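Here the structure is a predicted model, which is why all the values come from computation and not from measurement. Throughout, numbering of the chain's residues begins at 1 and tracks the sequence. Whatever order the structure lists them in is the order used to number ligands and atoms, beginning at 1.
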Amino acid sequence: MTYLTSNQLKQYEDEGFVSPINIFSKEKAKEIRSEIELIEKDMPEELEKSGRYNAHLISPLLDEVTHNSKILDAVESLIGKNILVCGTTLFIKNPNEKGFVSYHQDAKYIGLEPYNWVTAWVAITDSNEKNGCMKMWSGSHRDNLKDHDQMFNEGNLLTRGQTINNVPKEKLKSLILKAGQMSLHHPTVVHGSQLNKSNDRRIGFVIQSYIGTDVKQVLGKNSVQLARGIDDFKYHKKIGRPKSLMNDNDLKIKEEENKNLQEIFYKGSSKKGTY
Ligand SMILES: O=C(O)CCC(=O)C(=O)O
């Protein structure tokens, strides 16, 4: 059992995130990267743009990460023992591309209420200042939802290019992770990341998010997997886990889930971005 320590719980409570947490070896991270890159090679469109969501439904290794007991122990420390997986996102920044993430709060357009949920950012490659690691506005999770401008700007890896302005630089903390480590962050902590200026890819596999069974989807529908415990609430449809890599049936489920996600992310917006 690897529940969070009292210091880690305090960091989460004070700052809105906890990092770094060791999950698996760098060899395992390499294996996972190879599986992602095999999907990219065999099905070049599959993980592009809005296809980057829910890759755990077609990749047994990403499914294994999603249901990793060390991650779930840490998550249980924050949201309790009844845990659902309601989605995942691959945040990949290739070298020499314009990818960045503007400062935002996850809770703004995701429709998950109440905020008994947490996001796990798992480093498949190292993530550092040079390749554009996440930066958190420490303590900002205590504020309410802030105004976001909808920029739909080039290179922005967020759906609407949603942006919080005037983030105080002195409050930013960089989450530096080695491949195989993760961070956990709160639904309302303000965070973003800059360009990858290294010579290699930066790959984050993000479980977005682990939700308590008491959490509803108020903007549309999400299917879920039971990760741990019992679901007495039964608010969401359950889906299975992948049987093999890029299985036809699993590919269809992923497509269906991603359609539903698009409805959630762009609810009320007259414009659509590319993610
Ligand atoms: O990968 C990044 O740089 C940002 C990811 C993010 O915004 C998130 O996980 O909520």
Side-chain angles (χ1 to χ4, degrees), residues 12 15-21 23 29 32-33 36 47 49-50 52-56 62 65-66 71 74-75 78 85-95 97-112 115 117-138 140-141 145-146 148 150-151 153 155-164 167 172-179 181-198 200-211 261 264-265 273 275:
Y12 190 80
E15 303 207 72
F17 59 86
V18 53
S19 179
I21 303 174
I23 302 299
I32 297 166
R33 175 174 180 166
I36 293 168
L47 302 181
K49 310 284 180 194
S50 58
R52 69 186 178 159
Y53 302 108
N54 292 318
H56 69 297
L62 292 178
V65 177
T66 304
I71 300 182
V75 167
L78 299 173
V85 175
C86 98
T88 64
T89 311
L90 274 167
F91 275 99
I92 300 180
K93 288 185 194 170
N94 292 318
E97 281 182 9
K98 284 189 176 157
F100 71 100
V101 173
S102 52
Y103 285 100
H104 67 284
Q105 291 166 304
D106 292 342
K108 185 80 179 174
Y109 298 112
I110 212 168
L112 297 171
Y115 297 158
W117 49 276
V118 62
T119 299
W121 200 102
V122 183
I124 306 301
T125 61
D126 291 354
S127 184
N128 49 44
E129 296 282 358
K130 186 152 190 198
N131 68 12
C133 64
M134 274 202 295
K135 289 178 194 266
M136 299 272 153
W137 174 353
S138 172
S140 56
H141 63 300
L145 286 184
K146 295 177 186 296
H148 289 58
Q150 301 194 19
M151 310 290 286
N153 41 352
N156 197 328
L157 301 181
L158 297 183
T159 47
R160 305 170 181 224
Q162 57 267 38
T163 305
I164 295 173
V167 171
L172 291 177
K173 294 240 177 112
S174 295
L175 302 193
I176 295 175
L177 298 172
K178 291 273 177 213
Q181 293 184 318
M182 73 159 177
S183 59
L184 293 171
H185 66 262
H186 189 279
T188 56
V189 71
V190 177
H191 60 287
S193 69
Q194 280 140 22
L195 297 179
N196 177 1
K197 293 189 176 153
S198 77
D200 195 10
R201 318 180 83 185
R202 192 222 66 170
I203 304 179
F205 174 61
V206 186
I207 299 97
Q208 196 153 43
S209 292
Y210 288 110
I211 64 174
L261 256 189
I264 293 167
F265 287 151
Y275 288 101

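Applying the salt bridge (Lys or Arg N to Asp or Glu O under 4.0 Å) criterion to K173, with sequence neighbours excluded, gives E15. Judged as a side-chain hydrogen bond (donor to acceptor under 3.5 Å, both in side chains), and not counting sequence neighbours, R52 has no contacts. Here K108 pairs with nothing under the salt bridge (Lys or Arg N to Asp or Glu O under 4.0 Å) rule; sequence neighbours left out.
Here the side chains of H104 and H191 are in contact, with some heavy-atom distance below 4.5 Å.
Ion pairing between a basic and an acidic side chain is recognised when a charged N comes within 4.0 Å of a carboxylate O; K135 and E129 show such pairing.
Judged purely by distance below 3.5 Å, without hydrogens or angles, the side chains of T88 and H56 pair a donor atom with an acceptor atom.
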Show the short N or O contacts, below 3.5 Å, that ligand 1 makes with protein N or O atoms; if there are none, say 'none'.
| residue | atom | partner | partner atom | Å |
| --- | --- | --- | --- | --- |
| ligand 1 | 1 (O) | W121 | NE1 | 2.9 |
| ligand 1 | 1 (O) | R202 | NH1 | 3.4 |
| ligand 1 | 1 (O) | R202 | NH2 | 2.7 |
| ligand 1 | 3 (O) | S193 | OG | 2.6 |
| ligand 1 | 3 (O) | R202 | NH1 | 2.9 |
| ligand 1 | 3 (O) | R202 | NH2 | 3.4 |
| ligand 1 | 7 (O) | H104 | NE2 | 3.3 |
| ligand 1 | 7 (O) | H191 | NE2 | 3.2 |
| ligand 1 | 10 (O) | D106 | OD1 | 3.1 |
| ligand 1 | 10 (O) | D106 | OD2 | 3.3 |
| ligand 1 | 10 (O) | H185 | NE2 | 3.3 |
| ligand 1 | 10 (O) | H191 | NE2 | 2.9 |
| ligand 1 | 10 (O) | Q208 | NE2 | 3.1 |

